[in-house]
Amino acid sequence: MGRTSDGDGYTRIYRVWNPSLTASLFYRERCGSYVDLGLELLYVHRAFDAGYGGGGMMSGYAGDVHAELDQLYLSITPEVRMNASGIRLSALAC
């Protein structure tokens, strides 16, 4: 998989390391008769190799890099019950 830029330069992503580590924790709290609160914490680890290069006819440059990304997501989700039968509408806020 690669992407070429303008001119003689290039970038590419190759060798995506799978499987990536993912862990999730979630909590739901009943706050009242019509409103609930949900919290979710998500951790994602990703790793891949990438390359870049460029130059003209006489000289050029090139390089490779190994990248590892650790991402942490926090979601706060209010849930609202619209009637007594328990139908819920939720909205996501980050």
Side-chain angles (χ1 to χ4, degrees):
M1 167 168 58
R3 183 179 129 184
T4 304
S5 62
D6 294 336
D8 294 328
Y10 70 90
T11 58
R12 63 188 166 131
I13 296 176
Y14 60 94
R15 196 180 302 133
V16 177
W17 300 93
N18 287 324
S20 297
L21 176 65
T22 302
S24 179
L25 296 171
F26 60 92
Y27 175 74
R28 298 291 186 257
E29 176 71 31
R30 186 166 193 159
C31 298
S33 57
Y34 291 103
V35 178
D36 293 342
L37 179 65
L39 300 172
E40 183 174 1
L41 187 64
L42 177 66
Y43 169 76
V44 179
H45 175 80
R46 296 182 177 125
F48 60 90
D49 292 334
Y52 63 92
M57 295 176 60
M58 297 291 286
S59 64
Y61 61 92
D64 290 317
V65 65
H66 176 75
E68 294 196 27
L69 303 173
D70 292 312
Q71 298 170 308
L72 191 61
Y73 299 96
L74 173 64
S75 298
I76 301 171
T77 309
E79 296 178 341
V80 178
R81 283 188 298 283
M82 299 301 288
N83 58 18
S85 65
I87 296 174
R88 294 181 181 170
L89 300 176
S90 34
L92 180 63
C94 293

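Keep in mind that what you see is a predicted model, and the values were worked out from it rather than measured. Heavy-atom basis, side chains included; hydrogens, waters and symmetry copies ignored. Each residue takes its place number in the sequence, starting with 1.
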For this session: Identify the two heavy atoms, one from S24 and one from L42, that lie closest to each other, and give their separation to 0.1 Å.
Result: CB-CD1, 3.8 Å
Problem set entry | Any D64 side-chain heavy atom under 4.5 Å of R12 side chain | yes
Problem set entry | Rounded distance [0.5 Å steps], CD in E40 versus OH in Y27 | 15.0 Å
Exercise. When clusters are formed by joining ILVMFWY residues with side-chain heavy atoms under 4.5 Å apart, either directly or through shared neighbours, do L21 and L72 land in the same one?
Worked result: yes
Problem set entry | Hphob cluster co-occupancy, V16 + L69, side-chain heavy atoms under 4.5 angstrom | yes
Seminar exercise, completed: Tightest non-hydrogen contact, residues G38 and R28, listed as CA-NH1, 3.5 Å
Exercise. If every non-hydrogen atom of Y73 is compared with every non-hydrogen atom of R46, which pair is closest and at what distance?
Worked result: OH-NH1, 4.2 Å
For this session: Would you name the heavy atoms of A62 and Y10 that are closest together and state the gap between them?
Result: CB-OH, 4.0 Å
Exercise. What closest approach, in Å, do Y14 and A50 show between heavy atoms, and which atom pair accounts for it?
Worked result: CE2-C, 3.7 Å
For this session: First locate atom CG of L39, then atom CG of L74, and finally report the distance between them rounded to the nearest 0.5 Å.
Result: 7.0 Å
For this session: State yes or no: do V65 and Y61 share one hydrophobic cluster built from I, L, V, M, F, W and Y residues joined by side-chain heavy-atom distances below 4.5 Å, directly or via other members?
Result: no
For this session: Flag yes if more than 12 heavy atoms outside Y43 fall under 6.0 Å of its OH atom; otherwise flag no.
Result: yes
